[in-house]
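Input: a single structure, listed below in structure tokens.
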Amino acid sequence: MMRTRPLKVALLGCGVVGSEVARIMTTHADDLTARIGAPVELAGVAVRRPNRVREGVPEHLVTTDATALVKRGDIDVVVEVIGGIEPARSLITTAFEHGASVVSANKALVSQDGAALHAAAQERGADLYYEAAVAGAIPLVRPLRESLAGDKVNRVLGIVNGTTNFILDRMDGSGAGYSEALDEATALGYAEADPTADVEGFDAAAKAAILAGIAFHTRVTLDDVHREGITEVTAADIASAKRMGCTVKLLAICERAADGRSVTARVHPAMIPLAHPLASVREAYNAVFVEAEAAGQLMFYGPGAGGSPTASAVLGDLVAACRNKLAGAAGPGESAYSRLPVSPMGDVVTRYHISLDVADKPGVLAQVATVFAEHGVSIDTVRQQGKDGEASLVVVTHRASDAALSATVETLRRLDTVRDVASIMRVEGE
């Protein structure tokens with residue numbers, strides 16, 4: 001028998017995502033009621049600018065007092081889509097204290113304070129859901145912590161930021177430089193006026209922290225993730241990748257060590273072979289590979305941002321939280337029993353593509369090769385071209401640790417015959 005008293009929802013934030021959540025709650029009210037087993041009522045919407053017109057949101061529901069809204073006591077679920085650390089953290093904690101479950105799209109907060117938020121939710125028997133914090137409409141959090149709960153995940157590899165993927169795709173397709181591609185992304189609305197969080201890798205690093213924590217049942221925070229952005233990627237790097245049969249993508253890579261005793265989480269540009277499925281992910285789309293022992297390799301693909309896709313993930317979490325409220329139960333909480341250490345970037349082993357500007361004279365190649373050998377870095381291929389006393393040397397290594405490669409590069413910089421280490425890029429996906 002369906003319950004007639006509605007479940008009440010407080011919405012914190014009514015921007016691009018929040019307004020879409022409100023719209024879907026209204027237009028699909030009957031379907032949501034049937035799926036949940038009770039009506040769902042939007043009980044209040046907290047905003048910073050109350051005078052802005054918000055289509056579909058009744059004026060009497062709008063308030064600037066978010067704290068009073070989450071303290072009401074009759075709120076069943078709080079949906080937080082305001083972003084940032086504060087006041088979001090305080091509001092979510094207050095919501096738990098007053099008996100509400102929380103659905104959030106806040107990647108920065110979850111990646112920084114996820115453990116404390118989970119603890120607060122557990123103490124009150126409430127839910128904390130955040131599917132929308134990782135990859136828009138793409139289901140990743142729930143498959144990792146529920147569908148694959150009986151399996152052992154060893155690796156998560158993917159493109160989790162649409163802005164950077166658009167920029168790199170344009171650089172690859174048109175030969176444009178970074179600045180030109182960024183300008184196009186901004187004009188089309190794919191990049192913010194201040195694109196730092198995207199292009200410097202902060203957004204992707206927060207998502208990597210969340211994914212690693214869930215996948216490996218251990219606590220991984222944003223500070224644990226090695227981060228490099230795409231601002232130093234040049235047209236020459238893109239051209240070099242093409243000559244190798246590769247393309248350049250900003251990748252989030254979370255791995256369990258071969259001995260199972262530690263994990264790594266990193267975000268950086270990398271060359272991947274054109275034959276790899278991630279190479280064909282174009283425009284502002286996202287795609288993530290999950291490698292598990294029993295399930296094998298799984299790929300999740302779709303729009304990773306935007307009002308409607310993100311709202312879809314929020315509504316999915318809202319349905320789950322409401323169902324749990326009706327059942328008097330809570331969904332999966334934090335699983336961090338493994339307590340695995342996060343290894344530093346220096347321990348990461350991968351292949352490298354290094355471009356050197358060197359003097360065009362006999363013996364240079366042998367000198368460079370000796371430096372690589374001294375540091376235990378094996379060379380796979382070398383390409384050399386020179387003119388008028390100057391030359392470029394492109395070295396692709398076999399797998400080596402980041403620490404060994406860094407030591408190699410430092411030695412190379414001290415050679416009189418090496419004018420400049422023009423670029424260093426990892427090679428992944430092989």
Side-chain angles (χ1 to χ4, degrees), residues 154-161 164-165 167-169 171-172 178 199-202 204-205 207-208 211-212 224-258 262-279 281 287-289 291 342-356 371-372 375-383 393-410 412-413 421-430:
N154 291 317
R155 194 175 196 229
V156 180
L157 165 73
I159 298 164
V160 295
N161 182 271
T164 52
N165 199 59
I167 293 170
L168 293 172
D169 185 44
M171 292 175 70
D172 181 83
Y178 167 77
V199 300
E200 293 292 357
F202 289 101
K207 295 171 180 177
L211 290 173
D224 295 320
V225 181
H226 174 82
R227 176 193 54 79
E228 298 172 30
I230 66 167
T231 56
E232 300 301 319
V233 177
T234 65
D237 294 326
I238 302 293
S240 290
K242 285 186 174 182
R243 284 192 289 269
M244 288 180 58
C246 294
T247 189
V248 177
K249 299 290 185 181
L250 182 73
L251 297 181
I253 306 171
C254 311
E255 294 178 305
R256 188 189 300 270
S262 64
V263 298
T264 59
R266 50 196 166 104
V267 167
H268 54 70
M271 296 181 180
I272 57 173
L274 294 176
H276 195 285
L278 287 179
V281 178
V288 178
F289 272 89
E291 298 175 10
V342 182
S343 296
M345 188 63 187
D347 293 347
V348 170
V349 175
T350 188
R351 299 181 67 205
Y352 291 87
H353 175 282
I354 305 103
S355 295
L356 305 172
V371 172
F372 277 85
H375 291 282
V377 179
S378 176
I379 293 176
D380 182 18
T381 62
V382 178
R383 185 176 70 250
L393 198 62
V394 176
V395 179
V396 179
T397 73
H398 288 291
R399 290 174 62 83
S401 72
D402 188 83
L405 195 282
S406 296
T408 301
V409 170
E410 286 305 308
L412 289 171
R413 293 184 194 278
V421 180
S423 71
I424 304 169
M425 192 168 293
R426 297 169 183 88
V427 181
E428 300 282 351
E430 296 183 312

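In terms of the salt bridge (charged side-chain N to carboxylate O under 4.0 Å, His left out) criterion, D347 has no residue partners (sequence neighbours excluded). By the ring pair (Phe, Tyr, Trp, His ring centres under 6.0 Å) test, H276 is found to be paired with F289, residues two or more places apart in sequence or in another chain being considered. Scanning for salt bridge (charged side-chain N to carboxylate O under 4.0 Å, His left out) contacts around E200 gives an empty result, with sequence neighbours left out. Shown here are the side-chain hydrogen bond (donor to acceptor under 3.5 Å, both in side chains) partners of R399, two or more places apart in sequence or in another chain: there are none. In this structure, the side-chain hydrogen bond (donor to acceptor under 3.5 Å, both in side chains) partners of T247, at least two apart in sequence or on a different chain, are D172. In this structure S401 satisfies the side-chain hydrogen bond (donor to acceptor under 3.5 Å, both in side chains) test with no other residue, sequence neighbours excluded. In terms of the ring pair (Phe, Tyr, Trp, His ring centres under 6.0 Å) criterion, F202 has no residue partners (sequence neighbours excluded). Every side-chain contact (heavy atoms from CB on, under 4.5 Å) that A208 has, sequence neighbours left out, goes to V225, A252, C254, V267. Evaluation of the salt bridge (charged side-chain N to carboxylate O under 4.0 Å, His left out) rule for K249 yields no partner, not counting sequence neighbours.
Screening residues 224-247 for salt bridge (charged side-chain N to carboxylate O under 4.0 Å, His left out) gives E228-R426 as the qualifying pairs, with residues at least two apart or on separate chains.
Using a distance-only test at 3.5 Å, with no hydrogens or angles considered, a donor-acceptor pair links the side chain of R351 to the main chain of T397.
A donor and an acceptor atom, one from each side chain of S343 and T264, are nowhere located under 3.5 Å apart.
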Distance-only check: which donor-acceptor pairs under 3.5 Å involve side-chain atoms of residues 403-410, not counting sequence neighbours?
residue: S406; atom: OG; partner: D402; partner atom: O; Å: 2.9
residue: T408; atom: OG1; partner: A404; partner atom: O; Å: 2.8

